[in-house]
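Data block below; observations after.
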2 protein chains.
Amino acid sequence: MSKINGTGYVILGLLSVQSNLSGYDMRKGIEQSVGYFWGESYGQIYPTLKALTAQKLIKPAEAKRAGRKRQEYAITEAGRERLHAWLALPFHNDPPRNEFLLKLFFGAQAAPGVALEHVRDLQERNRRALETLDAIEASVPKDAPPNPNLPYWMLTLSLGRAFAVAALEWGESAMKMLAELEASGARTKRRPATKAK
Amino acid sequence: MSKINGTGYVILGLLSVQSNLSGYDMRKGIEQSVGYFWGESYGQIYPTLKALTAQKLIKPAEAKRAGRKRQEYAITEAGRERLHAWLALPFHNDPPRNEFLLKLFFGAQAAPGVALEHVRDLQERNRRALETLDAIEASVPKDAPPNPNLPYWMLTLSLGRAFAVAALEWGESAMKMLAELEASGARTKRRPATKAK
DNA sequence: TGGGTCATGTAATAGGTTACATGATTGC
DNA sequence: GCAATCATGTAACCTATTACATGACCCA
């Protein structure tokens, strides 16, 4: 029983929910569902499909969506068990790497206005993220056939939402702080700066 | 002018704030300052120090802290400029990978109680994170010599704090939701489960 | 004298992105 | 006929962690 990495488990997860997906489907599916907290490239997906097949955790399935030449897959019983076991394991807090925070941390070394500009940029990104999350949430039909996955999907959405909202609130006060800071810095250290690009 | 990666910029950043650091110092320093949003291993640091030296962005400095054999470094003027330029560049939202959310997303495929257990685990981790952040914030002397970096450092702390608080609040409601969900699932689908480990 | 921590480094391995190559099919 | 998108795959490269090797110094 050799090792599987994150990519392998996303694939097993997707196939446990819906059968007969191709590598291409998976990439698209990941973007549209777990996209905001998980990404995969084809360079990871295709080799992993081979590896999972070799381990009999998934198996090639006959194409239901015919037309184009495509290889679809289905999860095996062994695959389901493997996923099940993995889900029960404690999660890793993966190595956190936040470039925004790094740049902010060294903000005093930057040109005036730079830190503030980054915060504005972050605000913009979070506003857009919030819109996207809300749109997804709104797109869920209220009277759809009961789907046991839905409650879990909604929870991930709402955590994403909570993070975006928290960041936006923080951003408001951060922008005030930085504006004051740079105003006073300009008074004491340099003549009033022209607007920094 | 060849490329520098994140590791390189952290090193430049640290050396721009404080001179005469060794590779060992940097690793420790990173853990204690930017640790909650950035990590580096020796396997990255030492080779990067060589590369930065070769590019004359840092230079070996005579050890001020004598005693043990150690190689200290200082930033060069070119290094400062390079850091300065990088700080002004827009930040990347690096590939997001959140194993907790992934496991929650596939929660319906897990054994009863598993998702709830993960949320409990998350709560615990965030409580500890919050304590740590608060302790750091409290440890800042109020009447210290004015440090231009402090405001920026405080901002990073407060964003970390905001995330932890938001996650804790989300966790409370998520736990309620999951408890209800699994109770109703137990009524309809299986006899009341004994507590899952 | 021995454990802890300071200190530097490398090799093996894993994990991942990007860019490229290739071609079929669909719909306009 | 042509553009978009469906579809699969590989090679080059970068980034990073882990484990190991090595040894000095501090202090109890």
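Residue numbering restarts at 1 for every chain, and letters A, B, ... go by the order of the sequence lines. Keep in mind that this is a model prediction, so the values were computed, not measured.
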[X] has an atom [atom1]; how far is it from atom [atom2] of [N], in whole Å?
X      : N       : atom1 : atom2 : value
K69(B) : dT5(C)  : NZ    : C1'   : 15 Å
E40(B) : dT8(C)  : CD    : C1'   : 16 Å
Y46(A) : dG15(C) : OH    : P     : 21 Å
K3(B)  : dA12(D) : NZ    : P     : 17 Å
I45(B) : dG9(C)  : CD1   : C1'   : 12 Å

Consider only side-chain N and O atoms of S158(B) and W170(A), and report whether a donor and an acceptor are under 3.5 Å apart.
yes

Do S22(B) and E72(B) have side-chain N/O donor and acceptor atoms under 3.5 Å apart?
no

Between the protein and nucleotides 2-6 of chain D, are there any N/O to N/O pairs under 3.5 Å, and if so, what are the atom names and distances?
{"residue": "dC6(D)", "atom": "OP2", "partner": "Y24(A)", "partner atom": "OH", "Å": "2.6"}

Measure across A108(A) and N149(B) and return the closest heavy-atom pair with its distance rounded to 0.1 Å.
CB-OD1, 3.3 Å

L12(B) and L83(B): which non-hydrogen atoms are nearest, and at how many Å?
O-CD2, 3.9 Å

Below 4.0 angstrom from OP1 or OP2 of dT18(D), is there any side-chain N or O of S41(B)?
no

Return no unless some side-chain N or O of K50(A) is found under 4.0 Å from OP1 or OP2 of dG9(D).
yes

How about F105(B) and Y152(A): do any of their side-chain heavy atoms sit closer than 4.5 Å?
no

Would you mind classifying the nucleic acid contact of S22(A) as base, sugar-phosphate or nothing, using non-hydrogen atoms under 4.0 angstrom?
sugar-phosphate

What is the nucleic acid contact for G23(A), judged by heavy atoms within less than 4.0 Å: base, sugar-phosphate only, or nothing?
sugar-phosphate

Ignoring hydrogens and geometry, is there a side-chain-to-backbone donor-acceptor pair from N20(B) to Y73(B) under 3.5 Å?
no

With nearest nucleotide decided by heavy atoms, which residue, N5(A) or Y42(A), maps closer to the 5′ end of DNA chain C?
N5(A)

